[in-house]
Amino acid sequence: MEKRVQAAAIWLLMLLHGAAVAQGERTRDKMYQSIVGAGCFRRLNGTHQTGCSSTHAGSVGVLHLIKVEADLEFLLASPPSPPYAPMIPPHLFTRQNLLRLIEAGPKNISVVLLINKPDSMKQFSHELNCPNQYSSLNNSETCDASNPATSWNPWGTGLLHEDFPFPIYYIADTEEITKLEKCFEKFNNFEYETHALRSLCAVEVKSFMSAAVSSEVCIRRTRFINNLSGSKYCDPLEGRNVYATVYPRNIKTDDSEVNDIITRERFILVSCRLDTASMFDGVGLGAMDSLVGLAILTQVANLLRQLLPPQSSLPDTKRNVLFVTFNGESYDYIGSQRFVYDVERFAFPKASARRAPITFDNIEFMLDIGTLDDIANIKLHALSGTPLAQKLLQQLNSYAQSPRYGFNLNIQSEMSYHIPPTSAQSFLRRDPRFPALILNAKPANKYYHSIYDDVENVAFTYANTSQDFTMLLDVSNTKGFRADSLQMKVRNVSSIVAMALFETLTGKEYTGSKVANPVLSDEFFYCFLLSADCPLFKAASYPGSPKGLPMPPMRYVSVLGGPQESSGWTYRVLGYLLSQQQPKIPKDNCTVLPLHYFAGFNGAGECRLTTQNYSSALSPAFLIDDYDWRSGNYSTWTESTWSLFSARIFLRPSSVHQITTLSVGIVVLILSFCLVYIISSRSEVLFEDLPASNAALPPPTAC
Amino acid sequence: MTLPEFFGCTFIAFGPPFALFVFTIANDPVRIIILIAAAFFWLLSLLLSSLLWFAIIPLRDVLAFGVFFSVVFQECFRYIIYRILRSTEQGLQAVAEDTRVTDNKHILSYVSGLGFGIISGMFALVNVLADMSGPGTMGLKSGTELFFVTSAAQALSIILLHTFWSVIFFNACDTNNYLHIAYVIGSHLFVSLLTLLNASELYTATLLTNYIITILTGLLAFRVAGGTSRSFKKFVTCQ
Amino acid sequence: MDFSKAPNSRKLQLCRTYFYAGFALLPFVWAINVCWCFEEAFRKPPFPEQSQIKRFVIYSAVGTLLWLVAIIAWIITFQTNRTSWGATADYMSFMIPLGSA
Amino acid sequence: MDGHVNASSSSRSGAGADGSGLSGAAERLERPPRRKQPRSSYGSNNQDQTDAAVLAVPNVAVRGGPSGSSRPARLSGGGAGPTPNENEEDQGLKYGAQHVIKLFVPVSLCMLLVVATINSISFYSSTDVYLLYTPFHELSPEPSVKFWNALANSLILMSVVVVMTILLIVLYKKRCYRIIHGWLILSSFMLLFIFTYLYLEELLRAYNIPMDYPTALLFMWNFGVVGMMSIHWQGPLRLQQGYLIFVAALMALVFIKYLPEWTAWAVLAAISIWDLIAVLTPRGPLRILVETAQERNEQIFPALIYSSTVIYTYMGTHYTPQQTEPAVTSSPSSSNSTTTTRATQNSLASPEAAVASSSSRTGNTNRTNPHHNQRDDSNVMAAEGMPLVTFKSNLRGNAEAAGFTQEWSDNLNDRVARRQIEVQSTQSGNAQRSNEYRTVTAPDQAQADAQEERGIKLGLGDFIFYSVLVGKASSYGDWTTTIACFVAILIGLCLTLLLLAVWRKALPALPISITFGLIFCFATSAVVKPFMENLSAKQVFI
C-alpha cells in the first residue's frame, strides 16, 4: 500500500496548501485561443448531401475580414498564402459570393466564418424559393421559383440546400468577433503581398461529419455492421407531433378488430407547424415563420375549450376538434407525411393511446394555419372553391369585419393550385379532393428559416404583466397592448378563427364579447423566444418540476434522442390549455393519464382531465423496407453524426519559417553525427595524455 | 500541422546528444546503465527542488528562487553520483566490458554528465515539442515565433553544459580543485538565472552568453579531459 | 529456436513444413521461411539436405512475391474503385471511412 | 504466457460475456501441460537431462579431491589481481549489465508501443466498458468515493486471483492437463486474433483509413497463424520476441482501457504487494505450485516468457514474483511461475534420471567433479557469480573473448553444480534458490543445443504491468510524467537485478519498479509538472 500512502501524502500536501494548486500554463494555452460559435452541419436526403464539413483533422485558414464585396477579390485571385478563412458579415453572405468561394476551391478557401454584424443586412433567408418544393403538390402553379410573385420565399437563396466543401462557422458573440478582428488587424491586415513570408493569424474549425453522399448510403452503412463495433454515420430526422382534442375521446376498452371500432366521430383538424430550420446548430427560432402559427393555434385551442358547450349539447355530439402541431415540417413535411401514413393504416392514435383510430372519413375538414407573416392580408387557400371553403371564409370574414369586435381584418381567399408550403400539402398530395383549408399570409418574412428570424423580426416586446393568461378577456380589454403589437395581432386572428370554428361546431353565431387574451400570447412568445423559464411553462408543468432553461427552447426537429424541447413544451401547454379542471380529484389520485396534475397559473396545483398526446414524426421512408430513396414519396432527410464543433485561433507559421527550422535541425543533426564520429574515432589523438581512449569505435579512420 | 517545426526543433535540441549516445554510449551496457542512473538522480534532484518550490507558496511566482535551489540540488546530486561512482569503481573495473570505462575515469563523468543533460533537456522541452506538433506556433497572445527554436537551442546548450560540467566537476573532486567546483556551480547558476531573461524575449543576449559559456566550459572540459592545444592541432591535421 | 544450431535433417523438416504451411493462404509464412532458411540454403557449406532446402526456399520466395503482387494489385483496385462500386464495396469493407463517399 | 494473457484478457474484456470465474479458472490451469507438446526448442529434454545430470553430480560425486587442478584454471581465468571469488563476482555483475540491457530493450519497446498507441488512438485512453471484476465504476465526483471504489475493485480482483490460484493448484495436482493445455492454446489464439483484430480496427478508425475485408482477413489470418506458430511451435527467435512484446502491449492496453481510472492504480499497487507476499512468505501459493512441479518433473511454457539469448537466472528469480500476478491478471504472468517451476523442478530432478542423462552427457562433469568437491562455502559466492560467466562463454561461443579458457568456465559450471546440490540439500524448499543455481548450470551443458534455451526469460507479466503504468501516466497527456515513470521503472528493474546479484535471494520484480513508477508518476504530475510548466513557459532552463 505504500504507493497509496505516497499518493495520499502528495494529495495531503496539496490540500495542506489549500486550493492553491500550482497550475503551470502549458505552452499550448499561449498558442491557441478558442472561439465560441455555432457550426454548420451536414444533412442528407435520398440523393444529395447538404451543409458543410471540415476535414478529418480540422480545417485551417488564414483569417481575412470581408468588409465590402471587393475584399473578396483578394481571396479569389490567387491569394499569397492560402488557404484563407474569410470572415463574412451577413449582408455579404449571399448565394453569389458563396458560390464564388466554393469555386475558389478548398485549397484557397478552407473555412468561412459568418460574423454576427447585421447592421447593413436587408434580408437573410437561405431556404429555397419554394420551401419543400419536391414534396409539395407537383404542379407548376403551386410555386414558381423563377417568379418571385408566386414563390413562397422570394428572398430565399437556397444555400441551405447547397453542399459546401468548407466548414461554415457562425460567431454570434460580439466579444468573439472582436477577438477575431483584433487578431486579423494585428497580424494579417497589412502588406498582403508579404503574407507568404510571415506568420499569420489563422483559425482552425473542427466540424467533421461522418455521413456522406446521401441518406441512402449513410443509412445503409449505419445498418450494416461491418466490424466488431459498428459505427453510426447518420440519423433520420425525427421528432414528435403533438395533438390534442377539445373534447376528451372515450377510452377504447376492448382491443377488438380495427374495422369494427371505426367510430362515427367527426373531427375538425386544426393544424400548424411546430418546428423551424436554420443553417447552424442550435440557433434559429423561426419566430415569424412558424411560431406565430403555433401561438395562434394555442390561442384558438384555449378559446374553444372555454367557449364551447359540453360535447353532449352540441347539435352533433360526435363532433370534436383535433389540434395537431406537426414536427419536422421544414424538411419535406416529415410530421404530416407520417400522420397521413398512420391515418391510412389506422395507426393514429397509436395503440398505446387506447383511443379508437381516426380515419380520413372521420376528418370533416382541415384548417391548416400556415405562416402568417403579415396579419393584414391573410388568405384562405384551398384547391377548389368548395362550398365548405366558401362557408368558412364567409364566417371568418363576418367576424373579422364585424364592428363589434373591431378586428378590421379582411381575409381574402385563393382557390387555386397556388398552395402555400404547409402541412396540408401532404394531405392534398394523397388526395387532391381532401377538404383542406389553409390560412396563410402573403410571404413577407425576409429571414425565413434563418438565424435572424428572431425577436426583432417579429418586433416582440415582453410586457411581463404577471396576470392570469388563461382567462378570456372582454374584447375591449387590451391589457395595454398596442393595437399593432404582436400580441394583439395574434389575439385578433385567433379570436376570428376560434369564433368561426365555434359557429361551425355549434351551428349558431358567436355573440359573446369574450375574445382571446393577449397576455397569453405575450407569455407564449416570451417562453418560446426568450426564456423557457417562464410563467406559462411553469403553469403547464407538474408542480415543483425542474424549471426550464433561461433560453428559448430549440425548435429544430433534430434526431432521435435529440432535445425534443419544443414538442415537450407544446405538449404541456396544449395539455394545460385544452384540459378540464377536476376540482374533486385529489392530487394523489391524479396520477394516471388522462388525468394530469398541473402547477397552474398560481402554482397551487390542479388536477385536469387532459387530451393531449404525442405521435411519432419519423418519415415513413425509414419504416418501409427497401424504400426507393429516389422516389421522392416521403421525406428522406437524415442528419450526419459528428464528434464535436470547435474553433480556435492561433498564429500559423509561414512555410519559410518552417522550412528554415527544419533545415537548420537537419544540418545540426548531420553535423553533430559527423563531428561526434570523428572525435570518438580519433579521441586518443585528441586526449593524448590518457592511457586508453574512450572511443567506442574500432581503430581511428583517417579523415 | 507544423511537423517541420517539430522535427526541426527536435533535431536541434536532441540531435547532438543522440549522436553522442549512438557513438559513445550505445554499445556498452555499463555506460547505458550509468546514463540512466544519472538521469534518475537528476529526476530526484528535480523532485526535491520542485517540492521545495511547491511547499513555499509565497515564492511560487518568484522563479529565480526555485531556479536557484534546483541548481543547488542538482549540484548536490552531481556530487552524490560522483561519490557513488567512485565508490563502486572497483566493482566497475571488474564489471566493465571494455576496460576503457574505468581506465579513463573521464568516461564515467562524461556518461553521467550526458545522462544529466539529456534528462534535463527532455524535461525542459518535451512538452513544448508535444504542443508544437499542432497547427499553430507561438505568438498569438505573447512570445514570438522564435520561441520554439530558441527553446531548442537553449536545451541543447544546457545538455552540452551538463556534460562538460560533470567532466570538470568529477575531475575537480578527484583533484580537490575547488576552483573548478566553484566554476561549475557558478556557471550553472549564472546560466540558469540568465535564462530568466528569456521571459522578456532577450534571446540574443541569453543565447549568445549561454553559448559563449558553453564553449568556454567545453574548452575547460577538454583541457581537464587531457586535451591540449598540441593534441588538438594533431587532431585537426590528422597525424 | 536457433536454426543454425539445429541438425540438418531438422532444418530440412522445418523448411518443408513452413513451405507447405504457406499454402494455407499464408504468404507471411513463406516470407519467414525465405529469411530464415536463406542462410542455410545459400551461405552455408553444402550438406546433403541443402539442395532440397534451397528448392523450398526458392519456391517460398516465388510464392511470396506472387502474393505480394496480387495483394498490392487488389488493394489498389479496391481503393480506387471503392466509391464507384457503391453498395458492394461497402459490404466488402472492413472499415468504411467517415465523411467521404 | 501470452496464452494466459489472452485468456485473461478475453475473459476480462469480455467481462460482460464470460468474465465468469470459470474461464479465469481454466486459464489458471493452463501452465504445466507444456510437456505434452512436442517442443524441442525450449523445453526440454536435453535441458532436463543436463539439469538432471548436474544435479546428479553430487550423488555420484565423491567428496575430497585434488584442489590443484582447479586453482591454475581459476588463476588463468581470473587473470591477475582479484581472488577467484570476487573475480567471478565481478563477472557476475558484468554480464549482469548485459542482461539488464537485454531486458531494457524489450521492456522499452513494449512501453513505447503502448504509449504510442495511447497517444494516437483515443479508443484506448477512454474507459466506457468495464470488467466484470470491477463492479464499482468510480462515477461519483468526490475522490473519497472513488478511492473506496478503487480499493474495493482491486480487492475483488485480488480475491478472484487467490481463488483462481487455489483452483489452479487443485486442478494441477489433479493433473487435468488436457483442459489446461486446451485453454492455453485457445486463449493465446483469442489474443492473437480477436484483440489484434480490435486493435487493427481502432487503428484504421483513428486514421480514417478505408480497408476491405479480404485484405483485413488475410492480414489477420497470416499475423495470427504466424504468431501461434512462433509462440507455440517453432519460429525465428526475433519473431517470437516481437510477438511476445506485441501481445504484452496488447494486454496492457486492454487493462488500461477497461480498468477504471483509480482502480488501475490500485491494482498496480496491490499486485506488487501481492508479489512480495507470494514470493517472500514461506507458504505463498507460488511455493506450493513450485513444489508440486518439483515432485513431477515438469516442463515450463516457453510460450509464456520473453526470452533473450541470455541466461535466465534473474528471470527465474523475478519470475517467481510475477507468478502471482497471473493470479491477479489471471493469466499474463503465470508463465513466470512456470519458469520457476521448471527451474526448481529441474534442480531437484531425481538422481536416477540424472545419472542416466549424465552418462549420456559429455564426461566433463565427471572429470571436473573433483575440484568442486574440495571447494566449499567459499565458492558459494562463486557459484552465484557463475551463471554469468558460463553464460558468457556460451553466449558468444568463445570463452577466450574475456580471457577465460573454456576449461575454466567448465570448472565453474561444475562447481556450480556442486554448490547447487549442497544448497539444495540444506534447503530444498526454496524454489528461487534452487532454480537460481540450476539456471546457473543450465547453459553449459545446453551449450551444444539451441542457444535461446539459456536466454534471459522475462515473464510477460512484467512487461504488461510496466506498460500499464507508463501508459496510464501518458494518458494524462503530460510527457514529463511519462518519461519520469519510464526512467523510474528502468531504474527499479536495475535495482532488482542488482539486489538479486547482491543478496542471492529471490526477489519479486514488480514491487521496486512499480513503487518507483507510482511515486514518480504522482509526484511528477502533482508537483514537478507545474514547476516544469512554469519554467518552460518562461523558457527558464535549469
Side-chain angles (χ1 to χ4, degrees), chain A residues 13-14 17-18 20 22 26-28 30-33 57-58 60 183 187 199 201-202 204 648-655 657-677 679-682 685-697 702-703, chain B residues 1-2 4-5 7-12 15-16 18-20 22-28 31 51 53-55 57 60 98-101 103-104 106-107 110 127-128 131-132 134-143 145 147-149 152 156 222 225-228 230-232 234-235 238-239:
Chain A
L13 188 64
M14 298 182 63
H17 298 329
R26 188 80 177 257
T27 319
R28 76 166 81 89
K30 292 167 128 190
M31 295 161 61
Y32 300 101
Q33 193 169 16
V60 177
C183 192
F187 297 101
S199 299
C201 180
E204 180 198 57
R648 53 180 186 171
I649 56 173
F650 52 85
L651 214 56
R652 195 194 71 178
S654 65
S655 52
H657 175 70
Q658 298 185 37
I659 299 307
T660 38
T661 316
L662 181 58
S663 38
V664 169
I666 293 175
V667 169
V668 170
L669 186 69
I670 295 172
L671 272 186
S672 54
F673 261 80
C674 304
L675 218 61
V676 173
Y677 175 76
I679 291 178
S680 64
S681 60
R682 310 189 60 241
V685 183
L686 202 50
F687 307 103
E688 54 187 1
D689 62 352
L690 290 169
S693 78
N694 63 344
L697 286 177
C703 37
Chain B
M1 286 298 183
T2 58
E5 211 174 9
F7 281 112
C9 293
T10 316
F11 290 156
I12 293 177
F18 180 65
L20 289 172
V22 168
F23 286 124
T24 61
I25 310 284
N27 45 15
D28 179 357
R31 297 189 197 186
L51 268 176
W53 170 83
F54 196 91
I57 299 194
R60 261 187 202 167
D98 61 354
T99 53
R100 285 167 301 187
V101 174
D103 294 349
N104 178 351
H106 294 303
I107 292 184
Y110 156 76
N127 274 334
V128 180
D131 293 348
M132 207 183 297
T137 186
M138 201 63 171
L140 178 62
K141 299 178 197 166
S142 62
E145 41 190 316
F147 182 90
F148 293 126
V149 188
L156 175 59
F222 176 64
T228 62
R230 189 163 50 81
S231 68
F232 185 70
K234 269 179 68 185
F235 177 80
C238 20
Q239 292 149 13

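Sequence lines set the chain letters: A, B, ... in the order given, protein chains first and strands last, and positions in each chain run from 1. All figures in this text were calculated on a predicted structure; none of them were measured in a lab.
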Exercise. List in chain and number order the residues that pass disulfide bond (SG atoms under 2.5 Å apart) with A/C183, two or more places apart in sequence or in another chain; answer none if no residue qualifies.
Key: A/C201

Exercise. Of all the heavy-atom pairs spanning B/V149 and A/H657, show the shortest one and how long it is.
Key: CG2-CE1, 4.4 Å

Self-check item: Nearest-0.5 Å distance that lies between atom CZ in B/F23 and atom SG in A/C674
Solution: 8.0 Å

Self-check item: Side-chain heavy atoms of B/V22 within contact of A/Y677, under 4.5 Å
Solution: no

Quiz prompt | Best-contacting candidate, A/L669, A/L651, A/V668, A/I659, against chain B by heavy atom pairs under 4.5 angstrom | solution = A/L651

Quiz item: Shortest non-hydrogen contact from A/M31 to B/G136?
Solution: CE-O, 3.4 Å

Practice problem: Under 4.5 Å heavy-atom distance to chain A, tell me which part of B/F222 shows up: side chain, backbone, both or neither. | Solution: both

Self-check item: A/Y32 side, atom OH; B/M138 side, atom CE - distance, nearest 0.5 Å
Solution: 10.5 Å

Practice problem: Decide yes or no on side-chain contact (heavy atoms from CB on, under 4.5 Å) for B/F11 and A/V667, but give the supporting numbers first. | Solution: CA-CA 9 Å; B/F11 290 156; A/V667 169; over 6 Å; no

Quiz item: To the nearest 0.5 Å, how far apart are CG in B/L20 and OG in A/S680?
Solution: 8.5 Å

Quiz item: What heavy-atom pair brings B/A19 and A/F673 nearest, and what distance separates the two atoms?
Solution: CB-CD1, 3.7 Å

Quiz item: Partners of B/E145 by side chain to side chain donor-acceptor pair (under 3.5 Å), sequence neighbours excluded?
Solution: A/S199

Practice problem: May I ask you to name which of A/K30, A/R652, A/R648 has the most heavy-atom pairs under 4.5 Å with chain B? | Solution: A/K30

Quiz prompt | Choice from A/T661, A/I670, A/I666 maximising heavy atom contacts with chain B below 4.5 Å | solution = A/T661

